[in-house]
Number of protein chains: 2
Amino acid sequence: MPWDLTLTDLPDLAWGAALLGTGGGGDPYLGKALAADSLAAAGGPVQFLDPEELPEDALVVTAAMMGAPTVVVEKLPNGKEAALALRALERHLGRPVTATMPAECGGMNSMVPLISAAQLGLPVVDADGMGRAFPELSMTTFGASGLPGSPMAIADEQGSVAVVDAGPDNRRLESLARALAVSMGASAWMALYPMSGADVRRTAVPRTVSTALELGRAVREARESHRDPFAALRETLPRTVYRHGTVVFSGKVVDVDRRTTDGFARGRAAIAADGTGSAEGACELVFQNENLLARIDGRTVAVVPDLVTVLHAESGQPVTTEALSFGQRVRVFVISAPDRLCTPEALAAFGPRAFGLDEDYRPATLVP
Amino acid sequence: MPWDLTLTDLPDLAWGAALLGTGGGGDPYLGKALAADSLAAAGGPVQFLDPEELPEDALVVTAAMMGAPTVVVEKLPNGKEAALALRALERHLGRPVTATMPAECGGMNSMVPLISAAQLGLPVVDADGMGRAFPELSMTTFGASGLPGSPMAIADEQGSVAVVDAGPDNRRLESLARALAVSMGASAWMALYPMSGADVRRTAVPRTVSTALELGRAVREARESHRDPFAALRETLPRTVYRHGTVVFSGKVVDVDRRTTDGFARGRAAIAADGTGSAEGACELVFQNENLLARIDGRTVAVVPDLVTVLHAESGQPVTTEALSFGQRVRVFVISAPDRLCTPEALAAFGPRAFGLDEDYRPATLVP
């Protein structure tokens with residue numbers, strides 16, 4: 001059944017989306033603020049559709065922001081970029097868009113479709129193409145299932161807009177989009193992966209927006225009633241496509257090695273046990289925009305596409321890989337990847353070796 | 001009256017276009033070869049229209065290649081890129097293109113519209129937007145007259161194509177196109193500056209293709225009958241929009257300082273007098289892709305937008321700024337800029353100061 005997302009849902013959604021964003025997916029504060037502006041201006045809720053409710057021949061277009069989150073905070077968007085990109089793609093395709101959909105989960109990218117949907121009076125599909133965040137727009141369940149990201153529209157805050165078609169080659173599309181995003185000032189807004197309702201059902205990770213909302217709500221309610229928020233997450237996840245999740249390490253960030261190469265924030269973080277968790281020793285995280293891998297005392301406990309998120313021990317806020325810094329007291333929370341991220345095609349596109357990690361994917365052992 | 005350009009005209013056109021290309025505008029050999037292929041495949045001539053013959057509401061789209069000529073020779077085009085870009089722009093505009101037109105003069109860029117015109121059965125307008133070559137696509141008489149280069153289509157040899165709209169901002173369009181061209185592998189093919197027949201008449205430099213052809217023919221015929229080819233040029237130019245031209249220096253290249261910065265080939269060349277010309281002393285050339293300035297013994301004798309071309313003393317072939325090298329015996333030929341390059345708006349867009357040269361434009365003194 002269609003359901004409405006209102007202004008008051010945004011904080012819970014932002015929290016859950018940042019958790020599923022695994023350290024990436026954009027700045028939650030800015031994403032929430034932009035979505036709040038659009039919902040307030042629209043004067044009403046945004047309608048969400050379950051993938052099962054889409055007509056076979058619906059035209060669904062995903063939405064995402066590309067670029068350095070640090071830049072977005074300094075070069076403020078005008079709020080109309082996502083809608084400009086969507087309309088440009090619609091015009092190129094020559095038929096009206098039925099609904100928009102997030103391309104990935106994340107503090108910013110779960111919000112982008114809300115912004116354009118509120119402005120244009122469109123519904124949003126409760127699903128996405130990653131079930132988490134990934135650093136490249138070719139790394140989607142859509143692409144792993146053979147769908148092209150092309151044609152794609154990309155727009156900036158000055159009103160420049162481009163429609164790019166790389167045919168079936170999603171990696172080339174990624175490189176053309178990234179060149180434009182850099183030239184647009186390191187942040188740009190996209191409409192891409194145009195697909196049918198049947199394609200959404202066949203390829204998307206379903207119900208990730210309602211899941212993010214539910215996880216955010218569960219944690220908030222646990223905090224408000226002085227219950228353990230991590231227990232609330234553990235209890236909620238089995239009712240979702242994610243099934244399992246648990247804290248694998250608690251400690252203090254003692255080292256962060258981060259460098260920006262080829263437009264990505266790559267690096268490692270070391271966390272030393274502080275005695276509050278069950279684990280002893282040291283935890284190492286490897287990231288490329290998103291967290292890719294968690295090792296405890298040299299043993300891999302979780303690797304991409306499983307979700308590794310770092311949470312502030314006190315505030316419980318997800319910490320993006322850009323915000324990781326020395327001295328933070330954190331918990332490392334691991335969530336099992338939905339089935340659609342674990343097919344052979346999916347693992348070829350965004351399994352450990354796609355990131356240059358020398359290991360095979362083995363599902364994290366998380367049964368409580 | 002419409003006139004036909006045939007296969008046998010290509011060598012003369014290539015020579016004249018390279019002369020007007022002032023050291024840039026792309027590789028004459030490759031341009032000629034691609035145009036010859038297309039004309040041969042079409043099995044007939046390409047029709048040229050005088051700007052005065054265009055209907056007021058004709059839709060004219062200019063064509064150009066962007067990128068490093070050195071790369072084009074290594075990453076060979078498939079020959080269909082220019083037509084792909086033209087068709088993408090036509091589709092975006094939603095109406096058929098009446099004719100194509102060169103964006104600039106040059107060994108490659110005078111040929112690009114021939115390629116797509118032969119393939120698509122379109123006529124070419126005998127005019128262009130520079131009357132020479134310039135390093136940026138915002139540096140056109142079209143742009144100086146207030147016409148937008150947007151929307152623009154850009155395509156590569158893999159079949160990727162993008163339509164870019166930067167509104168009225170031609171410098172932003174240039175930077176987005178250059179980012180795409182670099183990402184496409186440092187060479188890409190464009191359709192841009194869509195305009196009406198009335199716009200062509202109001203803003204283009206007229207009859208530059210027929211002029212290039214006429215200059216090439218005059219020089220060839222002079223050589224064949226053992227007359228002075230430079231005298232032939234001097235006699236032909238007054239019948240064109242260029243009016244005057246003459247050899248200002250003869251000598252040997254004794255130094256070339258060339259570096260590639262920001263995607264441009266910038267530098268200087270020094271030529272020492274060899275006693276064959278009237279001038280003594282030394283000639284210095286300053287270039288950015290194209291030759292911008294010629295000084296003799298420290299005194300500026302020609303500066304952009306006047307045309308400065310270097311010709312091989314023996315072969316009489318125009319030498320591109322990339323091909324300048326120590327020991328070449330050359331002549332420096334200067335041609336006065338057509339009126340449309342010398343308006344205040346034009347000089348603001350591509351006069352000496354637009355290239356960071358600390359002088360004002362003063363027309364070269366060339367009356368024979």
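Each chain gets a letter, A, B and so on, in the order the sequences are listed, and its residues count up from 1.
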**Student:** Is it true that a side-chain atom of B:S183 and a backbone atom of A:A179 form a donor plus acceptor pair closer than 3.5 Å?
**Tutor:** no
**Student:** Take B:D169 and A:S160 through the side-chain contact (heavy atoms from CB on, under 4.5 Å) test and state the conclusion after the steps.
**Tutor:** CA-CA 9 Å; B:D169 189 341; A:S160 297; over 6 Å; no
**Student:** Is there a side-chain contact (heavy atoms from CB on, under 4.5 Å) between A:L176 and B:M184 once you walk through the steps?
**Tutor:** CA-CA 7 Å; A:L176 296 175; B:M184 284 172 163; 3.6 Å; yes
**Student:** side-chain contact (heavy atoms from CB on, under 4.5 Å) between A:R172 and B:D156: does it pass, once the steps are laid out?
**Tutor:** CA-CA 11 Å; A:R172 189 152 183 94; B:D156 68 19; 2.4 Å; yes
**Student:** If you count heavy atoms of other groups shown closer than 6.0 angstrom to CZ of A:R202, is the number above 12?
**Tutor:** yes
**Student:** Which of residues 135-155 of chain A have a heavy atom under 4.5 Å from any heavy atom of chain B?
**Tutor:** none
**Student:** Please classify the contact of A:R178 with chain B as side chain, backbone, both or neither, using a heavy-atom distance under 4.5 Å.
**Tutor:** neither
